[in-house]
Each structure stands twice: as C-alpha cells, then as structure tokens.
Amino acid sequence: MQLHSFFNSSTSYRVRIALALKGLPYEYLPVNLRRQEQRAADYVAKNPSAGVPLLIDGDIQLSQSLAIIDYLDATHPEPRLIPAGTVERARVLELSDAISCDIHPVNNMRILRYLQDVLGASEEQKTAWYHHWIHAGMTAVEALLVRHGHGAYCYGDAPTLADCCLVPQVANAQRMGCDLSPYPRALRVYEHCNAQPAFQRAAPAQQPDYAK
C-alpha cells in the first residue's frame with residue numbers, strides 16, 4: 001500500500017493511526033500542502049479532491065479518510081475500528097462525524113487560507129474563526145463522551161474510528177492555541193491514546209516530511 005500524506009493533515013493523521021493500529025506496512029509519499037503540491041496535475045489525476053490522504057492499494061484508490069478506514073476495516077478486520085454491533089457502530093460514527101463533518105471542514109488549511117487570502121481576514125480574525133468552531137464542535141464532542149463514552153478510549157477499552165478522529169483534532173486545536181480545559185473527558189482520551197505505541201508512530205513529528 002501507498003499513502004499520500006502530509007504530516008500535519010488531520011485527515012492523513014486519522015489514516016496513519018488506523019494503519020498503525022492494524023500493523024499494516026505502507027509506503028509514505030509526502031504531499032506538501034504548504035507548497036500546494038496537492039494541486040499538481042499528475043496528483044489531481046489520481047485524486048480529484050486535490051487533497052490528502054490518498055491510499056493506493058493495488059488497483060484501488062481512495063481519497064477520503066473515513067472511506068479509507070472503512071475499507072481497511074473490511075480488508076483487514078483486526079482490530080476492528082468500526083464496531084459491528086448496531087448501537088456501538090452508531091455511537092462511534094456519531095462522534096466521528098461530529099468531528100469530521102462539523103469541526104474539520106470549516107477549519108482546515110484551505111478554508112483558513114481562503115479566509116485570509118481571498119476574503120482579507122486578519123490573522124486575529126482567522127484565529128477567532130478557528131477557536132469559535134473548535135469550541136462549538138468540542139462542546140458537542142464532550143457531551144457525547146460524557147453521555148455515552150466509557151473505558152480508556154472514546155467507547156470502551158479498545159480504540160475505534162472515534163479515537164482516530166479525536167486525536168488529530170485535539171492535536172491541531174492545541175497547536176492553534178485553543179483552551180481545551182472545558183473538555184476534560186476528551187483530553188483524558190487524547191492523553192491515553194498518545195501513550196500507546198500505535199498512536200505515537202502515527203504522530204506528525206514521527207513522519208518523514210515533518211517540519212516545524
């Protein structure tokens with residue numbers, strides 16, 4: 001397998017966690033989002049979304065992180081990251097979607113760049129935008145964890161897709177200077193995950209294209 005990735009991309013980070021948890025080897029192919037390498041014609045030909053991650057597995061090409069992880073669960077089901085049980089599956093997807101659909105899309109790099117470069121937002125306004133949507137989204141995430149979460153991870157004593165989504169989002173929020181103290185349950189899960197070898201291997205600082 002090959003993974004087109006950028007070290008600081010939270011969506012790439014989700015997939016790296018899943019691959020590490022499943023112990024799957026892959027070739028890391030960096031795509032520098034800061035240099036707009038994702039817009040190169042040869043890359044867009046493979047990934048029309050012009051983003052990362054992009055997983056290539058033989059003749060299969062997948063470009064959305066949740067679709068990639070679902071594919072990995074189907075092709076390499078141990079350990080399972082999306083539970084088979086109806087209620088458990090729904091809870092994991094509910095929290096994963098709260099992050100991947102409500103928080104990430106309005107705060108990713110291309111949105112922040114558009115705010116600043118096209119709409120003329122100041123650095124302070126861009127930061128205020130980011131913090132607003134982090135707090136709106138993390139308030140919901142924390143409530144879901146308090147209501148339904150249990151065990152050391154989001155849902156139980158084994159990692160799921162929810163943890164694959166939570167860890168990169170918290171990491172990015174911390175990097176952007178957000179105060180996450182109102183979300184103690186989420187922070188406990190984050191800290192527990194980061195103590196595990198698979199999560200450590202997937203961390204941005206461990207990637208070959210890491211740059212401060």
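Just so you know, these numbers use all the heavy atoms, side chains as well, and skip hydrogens, waters and symmetry mates.
- Here the side chains of Met138 and Cys178 are not in contact, with every heavy-atom distance at 4.5 Å or above.
- Other residues, nucleotides and ligands place no more than 12 heavy atoms under 6.0 Å from the CZ atom of Arg35.
- A distance of 5.0 Å separates SG in Cys164 from CD1 in Ile69, rounded to the nearest 0.5 Å.
- Residues Val146 and Ile99 do not share a hydrophobic cluster, defined by chaining ILVMFWY side chains whose heavy atoms lie under 4.5 Å apart.
- We find the CD-CG distance between Glu142 and Leu187 to be 7.5 Å, quoted to the nearest 0.5 Å.
- Side-chain contact annotation: Tyr13 with Asn172, donor-acceptor N/O pair under 3.5 Å absent.
- No chain of hydrophobic side-chain contacts below 4.5 Å, direct or via other Ile, Leu, Val, Met, Phe, Trp or Tyr residues, connects Val44 to Leu54.
- Cluster membership check: Leu33 shares its hydrophobic cluster with Leu115, using side-chain heavy-atom separations under 4.5 Å among Ile, Leu, Val, Met, Phe, Trp and Tyr.
- To the nearest 0.5 Å, the span separating CD on Glu27 from CG on Leu3 amounts to 10.0 Å.
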request  = Take Leu144 and Val141, measure what side-chain contact (heavy atoms from CB on, under 4.5 Å) needs, and give me the verdict at the end.
outcome  = CA-CA 5 Å; Leu144 290 173; Val141 166; 5.6 Å; no
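- The existence of a salt bridge linking Glu94 and Arg91 is confirmed by a sub-4.0 Å separation between a basic side-chain nitrogen and an acidic carboxylate oxygen.
- Taking CE of Met176 as the reference point, atom CG of Leu112 lies at 5.5 Å (rounded to 0.5 Å).
- Residue pairs meeting the side chain to side chain donor-acceptor pair (under 3.5 Å) criterion with at least one member in residues 201-212, sequence neighbours excluded: Tyr28-Asp209.
- Connection of Ile17 to Tyr71 is established within a shared hydrophobic cluster, with ILVMFWY side chains joined at heavy-atom distances below 4.5 Å, either directly or through further cluster members.
- You'll find the side chain of Tyr26 stays beyond 4.5 Å of the side chain of Asp57, heavy atoms only.
- One finds a salt bridge joining Lys126 and Glu123 here, because a Lys/Arg side-chain nitrogen approaches an Asp/Glu carboxylate oxygen to under 4.0 Å.
- Atoms CG and CG, from Leu55 and Asn47 in turn, are 11.0 Å apart once rounded to the nearest 0.5 Å.
- To the nearest 0.5 angstrom, Ile134 atom CD1 is 7.5 Å from Leu180 atom CG.
- The closest side-chain heavy-atom distance from His104 to Arg14 is below 4.5 Å.
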task = Go through the steps for His150 and Tyr155 under the test side-chain contact (heavy atoms from CB on, under 4.5 Å), then give the verdict.
result = CA-CA 5 Å; His150 57 282; Tyr155 296 107; 4.2 Å; yes
inquiry  = Applying side-chain contact (heavy atoms from CB on, under 4.5 Å) to Asn8 and Arg34, what does each step give before you reach the verdict?
reply    = CA-CA 10 Å; Asn8 229 16; Arg34 293 172 180 170; 3.9 Å; yes
query = Would Arg113 and Gln36 count as a side-chain contact (heavy atoms from CB on, under 4.5 Å) if you check the C-alpha gap in whole Å, the side-chain angles of each, and the deciding distance to 0.1 Å?
reply = CA-CA 11 Å; Arg113 183 176 285 131; Gln36 301 284 295; 2.5 Å; yes
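- Hydrophobic clustering, with ILVMFWY side chains joined whenever heavy atoms are under 4.5 angstrom apart, keeps Val87 apart from Leu145.
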